[in-house]
Amino acid sequence: MRFSAPKGSYDVLPPESAAFLAVRDALSRPAILAGYEYIETPIFEDTALFARGVGESTDVVSKEMYTFEDKGGRSLTLRPEGTAGVMRAVIEHKLHAGQLPVKLWYAGPNFRYERPQHGRYRHFTQVGAEAIGVDAPMLDAEVVALAWDGYRALGLREFRLLLTSLGDSTCRPPYRALLQSFLNRLELDADTRRRVELNPLRVLDDKRPEVQAELEGAPVMVDHLCRDCAEHYDGVRTRLADVGVQWEEAPQLVRGLDYYMRTTFEFVHSGLGSQSAIGGGGRYDGLSAAIGGPELTGIGWALGVDRTLLAMRAEDIALPTRSRVQVYGVPLGAAAAERLFVLVASLRAAGVSADLAYGGRGLKGAMKAADRSGAAYAVVLGDRDIEAGAAALKDLRSGEQIAVPLDALVATIQELLS
RNA sequence: GUGGGUGUAGCUCAGCUGGUUAGAGCACCGGGUUGUGAUCCCGGGUGUCGCGGGUUCAAGUCCCGUCACUCACCCCA
């Protein structure tokens with residue numbers, strides 16, 4: 001039996017793993033700079049949390065959840081997205097009882113049972129940010145801008161921000177009825193007719209050209225916003241313009257999770273084939289109440305780490321390479337290896353990254369390893385150096401080499417590196 | 001879940017209409033040099049030809065199944 005990573009999952013291996021970490025850090029940094037604090041919630045939650053929070057009618061809940069029963073007979077589900085769990089934690093621990101908004105960020109894996117495809121995995125990693133408890137257009141704009149800043153910081157240029165408003169409980173129901181009556185007049189296949197009943201907004205986002213042709217002249221939500229929603233949306237756009245964020249109006253934009261309302265957005269990139277979304281989010285003012293909490297507004301996003309990496313590759317952006325050490329020990333013989341073992345420990349204690357050639361390689365092999373490690377300096381030590389009380393310190397870029405007394409090595413190296 | 005494509009070394013791939021011990025480049029390991037890394041020279045194949053069956057005197061090559069990957073649909077990060 002030869003094992004392999006489960007279908008739709010993948011291993012993050014060096015040297016690319018360095019890029020994975022760098023992307024995760026770059027996407028979360030803007031939120032950290034804006035005062036968002038780190039939160040970590042369980043990877044599994046009560047199944048009902050997602051069913052109620054995300055919505056029974058969504059594909060995510062109806063067919064993509066990894067659900068299992070534990071030994072105590074509880075139905076648990078590996079989280080398919082991050083917001084519901086965060087909101088649950090906020091409500092459970094009454095974080096909203098303090099100063100608002102509650103600003104949180106997180107990163108980690110999510111799970112959806114889907115057919116794998118380029119950029120679509122059953123196990124995927126997202127960085128998320130949520131701002132809970134304040135219903136202000138300015139906060140919406142901040143959240144969107146933080147994602148924008150993260151992508152820009154990575155050097156991405158060919159992404160677009162799609163923006164719209166999905167209305168709220170005042171204006172969406174009448175619009176929904178209006179859209180349904182429009183759609184019911186069209187010639188549509190059975191699957192699509194079913195969607196008209198279940199989630200008519202989703203029909204607008206159908207990619208099939210023949211369906212799009214039918215949709216000509218369909219009513220769109222943004223033309224039917226109530227006064228409050230329209231004002232809110234105007235405010236968001238004004239504030240986004242104030243900070244230089246560029247967006248495209250996307251009245252057909254629909255998200256896969258039921259809890260979104262009002263401000264809704266998606267970051268798309270052309271380099272990913274059909275999985276074009278690299279991040280998305282929106283306002284979820286009804287989520288808290290849907291999972292049994294108080295009336296509590298919120299807005300947030302989730303950005304795909306693996307998809308962002310693919311987008312960077314598509315744009316030929318140089319990815320951070322493997323982590324390197326500054327100093328590499330090259331021992332000649334067992335006694336020297338023992339000395340160097342202690343020396344690299346001292347270097348590390350002094351804040352200098354260091355490694356040495358393990359495994360009794362020959363001098364040539366050890367020097368090769370030093371070269372590949374990317375180290376600036378090699379410390380070559382053999383019996384005759386030990387006897388002389390000095391090691392050979394070699395500058396691996398210039399090739400120059402000097403003798404340094406053993407007890408002065410750490411200090412000398414620190415000085416050279418500063 | 002539906003349909004198409006692809007699976008040969010760590011990586012990228014070659015292997016013609018079935019034919020003998022399955023190859024190349026890169027990478028890797030060792031040696032040239034028990035005291036010096038990129039170059040150079042020499043040596044080393046590191047392989048369940050995805051897996052399982054079938055056809056055949058003979059299968060990496062043909063057929064069936066299966067698994068994985070991949071592309072599109074659906075959906076989404």
Side-chain angles (χ1 to χ4, degrees), chain A residues 1-10 13 23 27 54 58-64 79-83 107-128 147 189 191-192 194-195 199 202-203 205-209 211 253-257 266-269 272-281 301-311 328 330-334 336 357 359-385 391-401 403:
Chain A
M1 178 68 196
R2 239 179 106 176
F3 292 108
S4 56
K7 187 182 179 75
S9 68
Y10 55 89
L13 305 170
V23 167
L27 293 180
V54 176
T58 61
D59 280 29
V60 167
V61 169
S62 63
K63 55 185 194 194
E64 296 174 0
R79 65 181 180 209
E81 59 92 44
T83 305
N110 294 278
F111 306 84
R112 291 183 200 171
Y113 190 85
E114 295 185 274
R115 185 81 176 258
Q117 211 175 312
H118 188 57
R120 189 177 73 182
Y121 307 101
R122 290 181 174 181
H123 171 172
F124 56 100
T125 301
Q126 291 182 331
V127 172
D189 60 277
D191 268 0
T192 310
R194 204 168 311 124
R195 256 192 296 162
N199 191 341
R202 197 98 47 86
V203 178
D205 208 16
D206 200 305
K207 279 180 199 156
R208 291 170 295 182
V211 176
L253 180 65
V254 178
R255 318 231 55 254
L257 315 180
E266 192 166 292
F267 289 87
V268 296
H269 195 279
L272 298 187
S274 66
Q275 313 309 317
S276 57
I278 55 175
W301 42 244
L303 313 181
V305 173
D306 16 57
R307 285 196 182 172
T308 299
L309 268 169
L310 293 173
Y328 203 92
V330 176
L332 286 150
R361 313 181 62 160
L363 176 65
K364 186 189 177 99
M367 281 304 296
K368 222 175 214 184
D371 189 44
R372 288 190 194 124
S373 74
Y377 294 95
V379 178
V380 182
L381 191 71
D383 290 340
R384 82 183 186 219
D385 304 293
L393 181 63
K394 180 163 188 173
D395 182 324
L396 288 169
R397 273 183 275 280
S398 69
E400 282 166 31
Q401 188 167 310

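Order of the sequence lines fixes the chain letters, A, B, ..., with proteins taken first and strands second; residue numbering starts at 1 for each chain. Values below: all heavy atoms of this structure, side chains included; hydrogens, waters and symmetry mates excluded.
Straight-line distance from the CZ atom of A:Arg122 to the C1' atom of B:A68: 12 Å, rounded to whole Å. Going from atom CD of A:Glu114 over to atom C1' of B:C73 covers 13 Å, rounded to whole Å. Atoms CG (A:Leu310) and C1' (B:U70) sit 13 Å apart, rounded to a whole Å. Spacing between atom CD of A:Glu81 and atom P of B:C75 amounts to 19 Å, rounded to whole angstrom units.
Residue A:His118 has no polar side-chain atom (N or O) positioned under 4.0 Å from OP1 or OP2 of B:U70. OP1 or OP2 of B:A72 sits under 4.0 Å from a side-chain N or O of A:Gln117.
Closest heavy-atom contact between A:Ala391 and A:Leu381: CB-CD1, 3.6 Å.
To the nearest whole angstrom, the two P atoms, one in B:G44 and one in B:A59, are 30 Å apart. Straight-line distance between the C1' atoms of B:U17 and B:U21: roughly 24 Å, to the nearest whole Å. Nucleotides B:C26 and B:C69, compared at atom P, are 31 Å apart to the nearest Å.
Along RNA chain B, the nucleotide nearest A:Ala277 and the nucleotide nearest A:Lys7 are compared for position; the residue whose nucleotide lies closer to the 5' end is A:Lys7. Each of A:Arg115 and A:Gly399 was matched to the nucleotide of RNA chain B holding its nearest heavy atom; the match closer to the 5' end belongs to A:Arg115.
Contact annotation: the side chain of A:Glu64 never approaches that of A:Thr58 to less than 4.5 Å [non-hydrogen atoms, C-beta and beyond]. Between A:Tyr377 and A:Leu396 the shortest side-chain heavy-atom distance does not fall below 4.5 Å. No side-chain heavy atom of A:Val305 sits less than 4.5 Å from a side-chain heavy atom of A:Phe124. No side-chain heavy atom of A:Leu332 sits under 4.5 Å from any side-chain heavy atom of A:Asp383. Counting only heavy atoms from C-beta outward, the side chains of A:Arg112 and A:Asp59 never approach each other to under 4.5 Å. By the 4.5 Å heavy-atom criterion applied to side chains, A:Val54 and A:Glu81 are counted as neighbours.
Each of B:A77, B:C75, B:U70 was ranked by its minimum atom distance to the side chain of A:Phe124; first place goes to B:A77.
Heavy atoms of A:Lys394 sit under 4.0 angstrom from at least one base atom. Counting non-hydrogen atoms under 4.0 angstrom, A:Gly8 reaches the backbone sugars and phosphates but no base. Among the heavy atoms of the strands, none lies under 4.0 Å from A:Phe267.
In RNA chain B, the stems built from three or more successive Watson-Crick or G-U pairs (distances below 3.5 Å) are B:1-7 with B:67-73, B:10-13 with B:23-26, B:28-32 with B:40-44, B:50-54 with B:62-66.
Below the 3.5 angstrom threshold, one finds no donor paired with an acceptor across the side chain of A:Arg120 and the base of B:C71.
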Protein heavy-atom contacts under 4.0 Å, written 5' to 3' over nucleotides 25-35 of chain B as B (base), S (sugar-phosphate only) or - (none), form the string ---SSS-B--B
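Evaluated for a side chain to side chain contact (heavy atoms under 4.5 Å, CB included) with A:Asn110, the options A:Arg79, A:Arg122, A:His123 yield exactly one hit, A:Arg79.
Remark: side-chain polar atoms of A:Gln126 are not paired, donor with acceptor, to backbone N or O of A:Gly128 under 3.5 angstrom.
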